[in-house]
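Please read the structure below before turning to the comments.
None of these values were measured; they are calculated from a predicted model. Remember, it's 1-based here, ligands and their atoms both numbered in the order they're listed.
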Amino acid sequence: MSTLSPAIPTESQSSLTAAASDELVLCPHCDLVQYLPRLAEGEEAHCLRCQYQLDARQHNPIMRPALYAASALLMLLLANLFPFVSMAVAGNRSEIRFFDTSAVLFSEYQQVLAILVWLFIQAVPAFCMLAVIYLKAGMRYRLPARIWVARVLYMLKPWSMVDIFLMGLLISFVKLVATAEISLGMSFWAFCLFCLLHLRTFQVLDRHALWASIAPNPPPATEVMAGSTGLEQHLKLCHCCTAVLPLQQRHCSRCYTRVAARLPASLQKTLALLVTACVLYVPANLLPIMRTVSFGEVTDSTIISGFVLMWQDGEYPVAIIIFLASVVIPIVKIIVMFWLCYLAGTSKRVGGKHSGNIYRLVDWVGRWSMVDVLVVAFMAALVRFGLLASVYPGIGAVLFAAVVITTMLAAVSFDPRLLWDKQQPVSDKLFQYQAAEGISR
Ligand SMILES: [Zn+2]
Ligand SMILES: [Zn+2]
């Protein structure tokens with residue numbers, strides 16, 4: 001896919017507005033006003049200031065996402081119909097279906113964990129795929145309520161964790177294969193295909209084309225110059241549908257979302273969520289995440305003791321993955337988010353590009369911390385041989401899930417534009433850059 005720089009007129013040009021075909025965009029990460037030239041299929045455009053991907057034009061933007069989503073739903077249905085995984089220990093056999101991963105927990109009075117797992121690996125992914133089909137059909141047939149479906153789709157997208165669950169399955173197999181015989185059912189392979197198709201659906205989904213099909217981007221009331229920030233020109237961005245709106249407008253005229261120039265009380269909300277995550281992190285690590293029964297012997301294991309046990313057993317790759325996902329990532333994410341809040345709240349000038357890149361990285365990687373919780377949920381559903389061998393989730397698993405959820409919410413509450421607001425004025429530097437580089441295809 002080739003990369004296209006947005007158009008920022010050079011100083012030599014008399015007008016600072018773009019051609020009629022160019023689309024006005026505001027970068028959601030650094031607030032820079034830019035004009036996007038009409039993209040050809042396969043091209044993508046990145047922000048000149050922070051390199052955030054502003055838009056990507058897909059081949060056949062209606063049929064491809066709809067077909068991928070429909071295929072993904074079919075695979076999810078198949079994954080629920082047939083045996084998923086079976087396990088044999090000392091002549092005893094246990095077989096589960098995909099749905100049992102949450103259903104067994106629910107019947108064992110682990111309702112909170114069961115509902116979370118059901119939402120993350122069944123309900124949210126299925127809704128996302130249905131929403132994509134509905135919206136794509138809506139591009140042709142003008143179906144009602146598309147605005148609300150699109151709003152919920154993009155809100156729920158990070159909470160679809162089928163890729164993390166697949167990683168959790170592989171880790172569980174490595175843990176179990178030394179003591180038991182594991183057989184993979186037809187549904188397991190259907191689930192693998194579902195993961196791939198689900199991932200591919202979001203890759204080929206064209207957000208700009210989707211919103212443009214619902215309603216055109218509202219045109220700016222006044223002439224807008226590219227190369228300065230939205231705030232400088234009394235403009236703000238709708239985070240939901242990417243429309244550019246006048247600063248005084250309260251609700252988006254396209255998607256009806258309440259819009260603010262900067263996320264309201266962003267630092268306060270982020271800090272409150274980070275403090276909550278810190279408070280929860282202590283009992284999540286001290287209390288058992290899992291109770292194992294093996295030949296009548298009961299062992300409670302915390303996150304750290306589980307890691308130590310795997311390391312002692314020589315399962316180094318899995319031990320390292322668990323250590324990274326459950327210990328390193330949450331701690332690093334909490335520290336980095338505190339540091340970003342400090343940078344955004346301080347009066348000093350900060351390097352917006354580096355801190356912005358770090359924010360995007362911790363935001364992306366944070367959800368992978370959920371892998372240990374999903375491992376426990378799956379093993380609790382599968383390993384059920386009474387006193388011979390059984391696994392039960394501990395209260396630590398629920399608390400750790402709460403840590404991951406609060407850190408994810410903290411990242412969502414943080415407004416990265418606060419890091420760039422101290423960088424004014426931007427215009428001179430960008431005009432020089434544009435004059436030197438030109439618009440490259
Ligand atoms: Zn940007
Ligand atoms: Zn909007």
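Metal site remark for the Zn ion (ligand 2): C238 contributes an N, O or S atom at a distance under 2.8 Å. Note on C240: not counted as a metal contact of the Zn ion (ligand 2), no N/O/S atom lying under 2.8 Å.
A donor and an acceptor atom, one from each side chain of S326 and D372, are located under 3.5 Å apart.
Angle SG (C252) to the Zn ion (ligand 2) to SG (C255): 110°, rounded to 10°. At the Zn ion (ligand 1), the vertex angle linking SG of C27 with SG of C47 is 110° (nearest 10 degrees). Taking the Zn ion (ligand 1) as the corner point, the angle from C30 atom SG to C50 atom SG is about 120° (rounded to 10 degrees).
The distance between the ring centers of F194 and F98 does not fall below 6.0 angstrom.
Contact check on D163 versus R367 returns a salt bridge, with a Lys/Arg side-chain nitrogen under 4.0 Å from an Asp/Glu carboxylate oxygen.
Other residues, nucleotides and ligands contribute over 12 non-hydrogen atoms within 6.0 Å of the NE2 atom of H251.
Between F378 and F84, the ring-plane angle classifies as perpendicular under the 30° and 60° cut-offs.
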